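In what follows, a single structure is set out as structure tokens and then discussed.
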Amino acid sequence: MNYNFNKIEAKWQKYWAENQTFKASNSSEKPKYYVLDMFPYPSGAGLHVGHPLGYIASDIYARYKRHKGFNVLHPQGYDSFGLPAEQYAIQTGQHPAITTKDNIARYREQLDKIGFSFDWSREVRTSNPEYYKWTQWIFIQLFESWYDLEADKSRPVSELSAIFAAEGNTRVKAACDDDIEDFSAEAWNKFSSEEKQRILLKYRLTYLAETEVNWCPQLGTVLANDEIINGVSERGGYPVIRKKMTQWSMRISAFAERLLNGLEKLDWTDSLKESQRNWIGKSVGAIVEFPILSFPKGEEKAKPGYMTGGNNSHLLIEKAKENRKNPTEAEAALWSQLRNKQLDGYKFRQQHLIDDFIVDFVCLSKKLVIEVDGGIHKETKEYDEERTKILADSGFEVLRFKNEEVLGGIETVLEKISNNLAQLKDYSDQENESNIPPSGARGIKVFTTRPDTIFGVTFMTLAPEHDLVKEITTDAQREEVEAYIEATAKRSERERMADVKTISGAFTGAYAEHPFTKEPIPIWIGDYVLAGYGTGAVMAVPCGDQRDYDFAKHFEIPIKDIFENADISEEAHSGKEGTVIANSDFLSGLEYKEALQKAILKLEEIGAGYGKTNYRLRDAVFSRQRYWGEPFPVYYVNGLPQMIDVEYLPLHLPEVEKYLPTETGEPPLGNAKKWFWNRKLNKVVAPPLEGEGEDIFPLELNTMPGWAGSSWYLFRYMDAGNDEVFASEAALDYWENVDLYIGGSEHATGHLLYSRFWTKFLKDRGYLKVEEPFKKLINQGMILGTSAFGYYTYYSIINKFTKEVIVDRKLVFIPKEVYIETLAEGSDSLEKIIDRDVDINLKERIDKGELILGMPVNYTHIPVEFVNSSDELDVEAFKNWRPEFKDAEFVTEESGAYVVGREVEKMSKSKYNVVNPDDICEDFGADTLRMYEMFLGPIDQAKPWNTAGITGVHNFLKKLWKLYYSSPNPSEGGEQTFFVSEEKASADALKTLHKTIKKVTEDIENFSFNTSVSTFMICVNELSAQKCNSREVLEPLAVLIAPYAPHIAEELWSKLGHSESISTATYPEFEEQFLVESTKNYPISFNGKMRFTMELPMDMSKDEIEKTVMADERTQKQLDGRTPKKVIIVPGKIVNIVG
RNA sequence: GCCUUGGUGGCGGAAUUGGUAGACGCGCUGGAUUCAAAAUCCAGUUCUUUCGAGAGUGUGGGUUCGAUUCCCACCCAAGGUACCA
């Protein structure tokens, strides 16, 4: 019987499905093993042969582990929320749920044909409400958590509130927003509920924050970086700008150190771990604060808020204003005497901000602060002391009066003030008050990894988006700066990073003060500084940093050399090791490391900075302005987010008529007719009518990103149907985490980091016991397509005088060489071709110059299914494909065929190079497809698909089949029938078998599937040559190959007399004894080049080998009379003769 | 730009720890079988060659008795670069 793969494969696929052969149990005597593929997105195009590559590899491993006695969990499902379905919905109006369902059905059908051992009873889809209920639940858990930096773990927010109520927020160390104000327990307890919510939001692991996005006003939507091409949208070509938007963020940065350290224990490739390390980007350095030295004239009056810290000042200003409106009696009395330069002509300000403090009165020109105690603005004693200290540090004198003093005898108070004013140094001589930072030490914070080079700072650069830019820019520079900011807003972040050639920037006109030298440092803005990195500002050290160097050269900013023996005439000296600092005051003469330490110490000493570890990892934006994603279980009361109670989950995705943003630019959910939450009824309702708004609040309009559902799906598979919890404790305890994960390296920093983050979070909160989701990870490379190209000319002949068109764009396909030659050298060959095609009379008239011949050339993709393995085109099929090719002519080879050009590209519909796995299964069988995909090359590398090569693997399976179909007495002319001999196998056959067991097992453990396929081929070739038909060899061979070619293995297994599936048959054991060799075929090299080989006994000694080799006549011939200088002998390996 | 991976015959690729470069398969060439074709089987197939041999693993250097493998510099290609999944 012939190898009828279609019949065999259908039979066993049916058997597996009916018997639930691969259904995994959540309890078993056997050890567990969890094999997972990266979550597929079911695209509309269906699977092409590139997709199953990783699934085949994981399936082989899963099946191998079953043979090895493991209880294997090998599930599959769909990451079914995503942009493509939404795009399709926008274009066609078709609901994404419907297209997604269809696509999944198609995927499933295709997957089933390949014979995977998936446990389909556990299938999940992220877009199913039963699934996203738990994604929403996890979001709520994140919202209800904060990160305790001391315990280094996530804790419930209720515990944080308790801490605040007991001791305020000054002692707790938490991962939080930058703009946190200190408050006491008393203060906390007095805060309104809303105030508390606002503060807690700054601590939660998911929080609302302003983030920069790529906004396309015309499309009314946010675009991904790769949806932007040259600053305009890919769709439509509309302009895109950077815009700030309030969005949900995930505080992944709190986990940075754990994500970094956790890598060490993972069995991932070094390159992948390295990618994650770089992404997390830990750098140790210092925060340095440069006080802003100058403000433009008049500005300090108009804007009293030049404080340290961004949003703090805004809050303080509000408070100060309030204070001004409601003075105490004493304050009001004093102010009436101080205002309008009444006292000795000195100008006083009331309720003024200095640093982060509000003082009652201040005379800036004398740096004198007047405080009146005991009023309604009374602060705690602790706070007062701290404030006095900081004010003193900034050079302010503080004068305190009690309420009674002011009210009892204002004359005495005024006299005291007056005396003080007279004694104090006058700061107003330096150009008004503008040289004194009006509010004290407002500064620019920078993060630097090289505080040792601080004396080399000659300018500062801020990101153009930096909050301070608008405030510090002088009138003279304003126009230039604003134009620059506008220009930058048009460039994407990636563009800005990639483009190092164009140096651009603008001077703000402002200066900062060097913390040590007190020299003024000009403040520039430049787009090489990114707002999201560090503090969005750098201290530029042109002598030590190339980008600063280039910037300085370009704008002719001085470059200060602070290195010993470094040449900085051409480029910056960025080396660290062995660098000695010079020209740097107390750092001079110190080596890099010492200088670094000392610089940080000094900075801390003078209060201008402190050592800090910085991470490049930014908090992850979690909002998407899309329809087809998980809705947030969130509604808003007075703009503050509220979580829907867990018992009312899932919050279903609403129906909308249009999947586009609303006319007012809101996300697509804004189109939903019913998208409000009734807090009383706990359900989704229509917008409130007049008078019934009390319990009805708007729901969140954004949806979650693609990575929400895929960050935790591995745990859902452990207990997929559970509607009480995301997975039961028993299931989680049994399966723990994924033992082997296979997928593309493109997920290195996205999915793989986010799922590690969520796993750590869920562990902290006690929902999981594991710290990591994926123990071992293998990357799969992409399978590329081999595109086919046709080259053509479309020539026209026009009458020079009458302009009559005689031949209109006639299409002639030409050989590739002619095309290339025409482009490179000229059209000689092309003309010859056209001459043959053109009517003789016309040709004569062309030669006479009466007619003009135009013949442009071009190329086009040709569908690969029209091309055979010899690159010859099926001309008729191609002509019928599209009307424009109907009348095309073809210049053929001698054989009469038109030969296409070939090139390797990504497999894609638009390139007409997609190969469908269904077709391959139909023509060659799933077993052939599986083995061929593995045979193509190493699993982790990209390689082109070439269907022509598949016959080799197919023939191999036919040969394998024949080994078992070797009826000793086939009837004359009849087919071979199944036969295995029960006799002892030959020594050669056993050697072949055990050699194969050894190699294949090693390969499978090393995920070197391509070499194991080769090994099988060698094995079958050898056994065929040996005419081996003994059960002793063929039975273990069937098990050995079963993970790779399961259908044929099942068939042979049943023919061998087994009634159970082969899937759990015991894996054959390798035995060394069959491989023992007594001789070695030694390569004999001369100066490292192998010239001939010699068969010598394995146990021969070094001396004997040398003697034997030297005595050989071929050795003497090679040496040609010379005496060798040296003879190197590695027993069992080689002989090398030098000389 | 930065990070990661890779570069070996006409093609996919192999080569364990520095030890016979090109296993295995495709393609190609020749042969057997056949009226013929398909299928199958056998032999050959890195390049150059004056048939002695010589060269050769992206390029240029280095270490070594010996380098595809280790080191340095460079070139090229692919993936990622934070809203494609």
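We use all heavy atoms of the structure for the numbers below, so side chains are in, but hydrogens, waters and symmetry mates are not. As the structure is a prediction and not an experimental result, all values here were calculated from the model. In what follows, every chain begins at residue 1, and chains take the letters A, B, ... in the order their sequences are listed.
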Q.
Starting the side chain at C-beta, find the nucleotide from rG19(B), rC26(B), rG12(B) nearest to Ile1128(A).
A. rG19(B)
(Q) Between the base of rC3(B) and the side chain of Asn278(A), is one N or O donor paired with an acceptor at under 3.5 angstrom? (A) no
Q.
Would you say Ser80(A) and Ser127(A) are linked by a side-chain donor-acceptor pair, where the criterion is simply a distance under 3.5 Å?
A. yes
Q.
Could you tell me if Ser787(A) and Glu905(A) have a donor-acceptor pair between their side chains, going purely by distance under 3.5 Å?
A. yes
Q. Does Asn1010(A) make a side-chain N or O approach to OP1 or OP2 of rG12(B) shorter than 4.0 Å?
A. no
Q.
Can you check the distance between rU69(B) and rU64(B), where both ends of the measurement are the C1' atom (answer in whole Å)?
A. 13 Å
(Q) Work out how far the P atom of rA67(B) is from that of rG58(B), and round it to whole angstrom. (A) 15 Å
**Q.** Of the listed nucleotides rA85(B), rC83(B), rU20(B), the one nearest the side chain of Ala224(A)
**A.** rC83(B)
Q) Which value, in whole Å, describes the distance between the C1' atoms of nucleotides rA39(B) and rU45(B)? A) 23 Å
(Q) Using side-chain heavy atoms (C-beta onward) and a distance below 4.5 Å, is Arg1114(A) in contact with Met1094(A)? (A) yes
(Q) Over all strands shown, is Lys1089(A) touching base, sugar-phosphate only, or nothing at heavy-atom distances under 4.0 angstrom? (A) base
**Q.** Watson-Crick or G-U wobble partner of rG79(B), both distances under 3.5 Å
**A.** rC3(B)
Q. For Pro938(A), which contact category applies under a 4.0 Å heavy-atom criterion: base, sugar-phosphate, or nothing?
A. sugar-phosphate
Q. Syn versus anti for rG44(B), judged by chi lying within 90° of 0?
A. anti
Q) Quick one: is Asn225(A) getting a side-chain N or O under 4.0 Å of the rA82(B) phosphate, OP1 or OP2? A) yes
Q. Would you call the rings of Trp707(A) and Phe622(A) parallel, tilted or perpendicular, where under 30° means parallel and over 60° means perpendicular?
A. perpendicular
Q.
Using a 4.0 Å heavy-atom cut-off, does Ala942(A) contact any base of the nucleic acid, only the sugar-phosphate backbone, or nothing at all?
A. sugar-phosphate
Q) So what does Tyr41(A) touch, heavy atoms closer than 4.0 Å: a base, only the sugar-phosphate, or nothing? A) sugar-phosphate
Q.
What contact category does Trp707(A) fall into here, base, sugar-phosphate, or nothing, at under 4.0 angstrom with non-hydrogen atoms?
A. nothing
Q: Taking atom P in both rU81(B) and rU29(B), compute the distance separating them and give it to the nearest angstrom.
A: 46 Å
(Q) Regarding Gly82(A), tell me which of base, sugar-phosphate or nothing describes its non-hydrogen contacts under 4.0 Å with the strands shown. (A) sugar-phosphate
Q. Asp79(A) has a side chain; which of rA85(B), rC65(B), rC24(B) sits nearest to it?
A. rA85(B)
Q. Should Ile252(A) and Leu617(A) count as side-chain neighbours, where that means a heavy-atom distance under 4.5 Å?
A. yes
Q | Integer angstrom distance from the P of rC24(B) to that of rC42(B) | A | 13 Å
Q: Describe the nucleic acid contact of Glu274(A) in one word from base, sugar-phosphate, nothing, applying a heavy-atom distance below 4.0 Å.
A: sugar-phosphate
(Q) Any strand counts, and the cut-off is 3.5 Å on both contacts for Watson-Crick or G-U wobble. Which nucleotide pairs with rC26(B)? (A) rG10(B)
Q.
Can you tell me if Lys906(A) touches the phosphate of rG79(B), counting only side-chain N or O atoms and a distance under 4.0 Å to OP1 or OP2?
A. yes
Q.
Would you call the rings of Tyr713(A) and Tyr741(A) parallel, tilted or perpendicular, taking 30° and 60° as the class edges?
A. tilted
Q. Which part of the nucleic acid, if any, lies within reach of Thr1093(A) when heavy atoms closer than 4.0 Å are counted: base, sugar-phosphate only, or nothing?
A. base
Q) NA contact type, Gln247(A), heavy-atom cut-off 4.0 Å: base, sugar-phosphate, or nothing? A) base
(Q) Distance check, C1' atoms only: rU57(B) and rC76(B), in whole angstrom units. (A) 16 Å
Q.
Please classify the nucleic acid contact of Glu1002(A) as base, sugar-phosphate, or nothing, using heavy-atom distances under 4.0 Å.
A. nothing
Q) In terms of side-chain heavy atoms of Ser745(A), which of rA23(B), rG19(B), rG79(B) is nearest? A) rG79(B)
(Q) Rounding to an integer number of angstrom, what distance separates rC75(B) and rC28(B) when you compare their C1' atoms? (A) 32 Å
Q | Any Arg494(A) side-chain N or O less than 4.0 Å from OP1/OP2 of rC3(B) | A | no
Q.
Taking any heavy-atom pair under 4.0 Å as a contact, classify Asp940(A): base, sugar-phosphate, or nothing.
A. nothing
Q: May I ask you to verify if any side-chain N or O of Lys943(A) is less than 4.0 angstrom from the OP1 or OP2 atom of rA78(B)?
A: no
Q) Counting just side-chain N and O atoms, does Arg618(A) come under 4.0 Å of either OP1 or OP2 of rA82(B)? A) no
Q.
Go through it in stages, so that I can follow the logic: the residues are Gln546(A) and Asp550(A), the test is side chain to side chain donor-acceptor pair (under 3.5 Å), and I'd like the CA-CA distance, side-chain angles, deciding distance and then a yes or no.
A. CA-CA 6 Å; Gln546(A) 193 56 43; Asp550(A) 295 339; 3.0 Å; yes
Q: Would you mind pulling out the nucleotide paired to rA53(B), Watson-Crick or G-U wobble, both distances under 3.5 Å?
A: rU48(B)
Q) Taking the same atom, C1', in rG56(B) and in rG7(B), what whole-Å distance lies between them? A) 16 Å
Q. Which of these nucleotides, rC26(B), rC65(B), rG25(B), is closest to any side-chain atom of Asn1136(A)?
A. rC65(B)
Q: Tell whether Glu227(A) reaches the base of rC83(B) with its side chain through a donor-acceptor pair below 3.5 angstrom.
A: no
Q: Please work out if Ser43(A) contacts a base, only the sugar-phosphate, or nothing of the nucleic acid, heavy-atom cut-off 4.0 Å.
A: nothing
Q.
At 4.0 Å (heavy atoms only), tell me whether Arg277(A) reaches a base, stays on the sugar-phosphate, or touches nothing.
A. nothing
**Q.** Watson-Crick or G-U wobble mate for rA36(B), both contacts under 3.5 Å
**A.** none
Q. Checking all strands, does Leu753(A) fall into the base, sugar-phosphate, or nothing category for heavy-atom contacts under 4.0 angstrom?
A. nothing
Q | Base-pairing assignment for rC70(B) (Watson-Crick or G-U wobble, both under 3.5 Å) | A | rG62(B)
Q: Classify the side chain of Arg626(A) and the base of rC83(B) as holding, or not holding, a donor-acceptor pair under 3.5 Å.
A: yes
Q. Under 4.5 Å between any side-chain heavy atoms of Leu1096(A) and Tyr1082(A), yes or no?
A. yes
